[in-house]
Every structure is written in C-alpha cells, then in structure tokens.
Protein chains: 2
Amino acid sequence: MRASSVEQIIIETLSKEHAHLTSQQVFEIIRKRLPAVNQSTVYRALTRLVDSGKVSVSDMGTKAVVYELLTDGLHHHLVCQKCRQIMTIGHEEVEDFFGDLQLKNHFQIVTNHLILFGICENCQVGTNTNTEEM
Amino acid sequence: MRASSVEQIIIETLSKEHAHLTSQQVFEIIRKRLPAVNQSTVYRALTRLVDSGKVSVSDMGTKAVVYELLTDGLHHHLVCQKCRQIMTIGHEEVEDFFGDLQLKNHFQIVTNHLILFGICENCQVGTNTNTEEM
DNA sequence: ATTGCATTTGCAACTATTTGCATTATAATG
DNA sequence: CATTATAATGCAAATAGTTGCAAATGCAAT
C-alpha cells in the first residue's frame with residue numbers, strides 16, 4: 001500500500017480528535033487542508049485504514065457509522081439504547097471470550113471493536129428523564 | 001404497537017425463507033403480495049421488528065445489512081473475511097460472556113445477534129483458492 | 001356506526017455509501 | 001532518466017437508508 005496523503009491526514013485527524021467521527025465529519029475536517037478532496041476518496045481511504053486494522057468502524061445505532069483510531073489499545077463499547085450514553089470497556093473484558101470462541105471454532109477472530117447495545121444502569125430504573133427511544 | 005399488515009408479511013416471509021435477507025430482497029418478496037407497498041414502509045416495518053426483538057439486523061460485511069427472524073432461539077455468527085463463509089454458533093457460547101459484562105458494568109445487554117469477523121480454519125492455511133479479500 | 005387518537009403508510013426529498021471508469025500520482029525497474 | 005506497473009483520486013451515477021409531512025388506516029370507547 002502506498003503512502004496516501006489522505007490516509008495520513010485522516011490518521012492525524014482521528015488522532016487529534018480522539019473521538020468517534022462520522023465520515024462526513026472526517027470529510028469536513030480534511031477539506032480544510034485539502035479543499036479539493038472528493039468524498040469518495042475519503043470513504044475509500046477510511047476503508048483501507050479499517051482493512052489494515054488502524055481504524056475501527058462502528059454502527060453505534062445512529063444513521064451514519066463512526067470511525068475511531070485504534071492506536072492506543074483495543075477497546076469496546078456498550079451503548080445505551082435509551083440515553084445513548086457510550087461506555088468504553090477494555091479488551092481484557094473480552095479477551096477470554098474471544099479466546100474460547102477461537103479454540104472451540106478453530107476461527108481466528110479479527111473483529112477488534114465490539115459494540116453491544118443495551119440499557120445502562122441509570123435507565124434501568126424508571127426515573128430517568130432522557131427517554132429518547134432508539 | 002398495532003398489527004401492521006406489512007410486519008405480518010415480513011415475519012411470514014422471513015419465517016419461510018429462513019435465511020439472511022437484505023431489505024431489498026424482503027421488499028421484492030413483499031411486492032408480490034402487496035404490489036403497491038413503498039420501500040420506506042418496509043424499512044420502517046423492519047426497524048419496528050428489530051426494536052421489538054422479533055428480527056435481528058446484521059452487517060455481514062456486505063454493502064447491505066441483512067435481516068433474520070429470531071424465533072427459534074438466539075444464535076450468533078462467525079464470518080470469514082476470506083471465503084465469506086458464515087458459521088452459526090449457539091447462544092450458549094456467548095451467554096457467560098454477556099452475563100459477566102452485565103454484572104461488571106451494571107448494563108443490561110439487549111444485543112441478540114453478534115457478528116464476529118475473522119478467518120476460518122480452512123483459510124488460515126495458505127492453500128485455499130477462494131481468496132476474495134474483504 | 002361514529003368519533004377520537006395513535007400508528008402506519010406513501011411520497012418525495014434528502015443523506016449516506018458504493019462503484020465503474022478514466023486520470024493522475026507514486027513507486028519500481030531497467 | 002524513461003518506462004512500466006500499481007495504487008490513489010475525481011467524477012458521476014447508482015444503490016442504500018432516513019425523514020418530514022400529509023393522508024389513510026386500525027383500534028377503542030362511545
């Protein structure tokens with residue numbers, strides 16, 4: 001794979017923002033530095049970065065998927081379907097499960113960013129105000 | 001939730017087909033019985049069915065997500081990124097992991113259909129012919 | 001049957017994502 | 001340095017999926 005300028009800028013961008021960004025947000029930020037860049041170029045660069053394991057892509061239940069840099073250790077997320085809160089959990093909470101599955105099914109897991117939907121502690125009691133359903 | 005005719009037909013369709021269908025496939029099949037039905041109606045009915053837990057929606061790594069009826073027991077899938085083979089695993093292989101996470105994070109998991117990507121046994125050795133990359 | 005209300009539907013517009021193809025840029029090789 | 005191969009990009013068109021709004025429908029209580 002060639003060193004693509006767009007890929008580099010995406011990595012720098014995701015590294016700086018340190019958050020989950022949609023392809024649109026990535027596109028907007030990149031345009032400030034490369035005004036002529038095409039949106040499909042951004043999509044394709046993001047796809048390459050995901051394929052090479054540098055970036056994760058997740059459907060958080062919003063209408064657009066989000067991208068995140070995977071440099072500082074693997075992690076996963078729990079997403080509350082009521083209040084939309086996103087909790088981050090470390091890979092150590094997932095490691096053993098993955099290991100078991102790999103052994104039992106002779107399958108080498110590549111997935112590196114798990115998104116699990118559910119109801120957070122706060123929303124499990126009936127008293128929360130933020131009841132925006134999914 | 002009211003008994004929607006489209007929802008009923010979707011359930012019958014998914015029940016008969018017993019497979020992962022894209023929204024387009026569901027749409028085509030439903031059109032045979034309700035020729036005037038609109039595609040957005042199908043999307044919305046599918047969304048309602050997913051929200052109510054009757055149907056699962058999964059991104060299998062193809063360009064369109066797929067839907068599956070969840071009547072006969074929970075299950076999950078391992079998808080090979082090389083040969084695209086889909087393996088099905090029972091919920092019992094996932095149960096303990098989910099239970100642990102729920103306890104540790106005080107989070108009630110709703111996700112009922114896990115998709116994990118990786119490399120199947122066959123494709124782990126270098127000798128397979130079907131090397132269509134993701 | 002009629003009314004009132006909430007849900008579902010159709011439609012059209014809009015956002016999100018993918019893809020084919022021609023062109024350009026970079027790297028590799030002679 | 002010139003040539004060739006490969007990967008990246010732009011553009012436009014196509015496919016996926018979402019949403020606002022108004023109209024239609026189903027359900028429940030008269």
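Side chains included, hydrogens not; waters and symmetry mates left out as well; all remaining heavy atoms used. Just so it is clear: chains get the letters A, B, ... in the order the sequence lines come, proteins before strands, and each one is counted from 1.
Atom C1' of nucleotide D:dT18 and atom CG of B:L46 are separated by 13 Å, given to the nearest angstrom. Taking atom CD of B:Q24 as the reference point, atom P of D:dT15 lies 9 Å away to the nearest angstrom. Across the protein-nucleic acid pair, B:L21 atom CG and D:dA16 atom P stand 14 Å apart, rounded to whole Å. Going from atom CG of A:L49 over to atom C1' of D:dA7 covers 14 Å, rounded to whole Å. For A:D59 and D:dA16, the CG to P distance is 17 Å, given to the nearest whole Å. Distance, A:M60 CE to D:dT18 P: 17 Å, rounded to whole Å. For the pair B:L34 CG and C:dT9 P, the interatomic distance rounds to 9 Å; values are reported in whole Å. At whole-Å resolution of the value, CD in A:Q39 and P in D:dA14 are 19 Å apart.
Around NE2 of A:H91, the count of heavy atoms belonging to other residues, nucleotides or ligands within 6.0 Å exceeds 12.
If you check C:dT9, D:dA16, D:dA12 against the side chain of B:T41, the one that comes closest is C:dT9. Taking the side chain of A:S5 as heavy atoms from C-beta on, and the options C:dT18, C:dT9, D:dT9, the nearest nucleotide is D:dT9. The A:R44 side chain lies nearest to D:dG10 when the options are D:dG10, D:dG17, C:dG10. Ranking D:dT19, C:dT17, C:dG10 by closeness to the B:N38 side chain, first place goes to C:dG10.
When only modelled atom types and interatomic distance are considered, A:T88 and A:H75 share no side-chain donor-acceptor pair under 3.5 Å. A donor atom on one side chain and an acceptor atom on the other are found under 3.5 Å apart for A:N105 and B:E93.
For the salt bridge (Lys or Arg N to Asp or Glu O under 4.0 Å) with A:E7, the qualifying choice from A:K54, A:R48, A:R44 is A:R48, the only one to do so.
Residue B:S23 is in sugar-phosphate contact alone, with no base atom involved, counting any heavy-atom pair closer than 4.0 Å across all strands shown.
In this structure, B:S40 does not reach the C:dA13 phosphate: none of its side-chain N or O atoms is under 4.0 Å from OP1 or OP2. Checking the phosphate oxygens (OP1, OP2) of C:dT18, no side-chain nitrogen or oxygen of A:Y43 falls inside 4.0 Å.
Between B:H77 and B:H20, the ring planes lie perpendicular to each other; the angle is over 60°, past the 30° to 60° tilted range.
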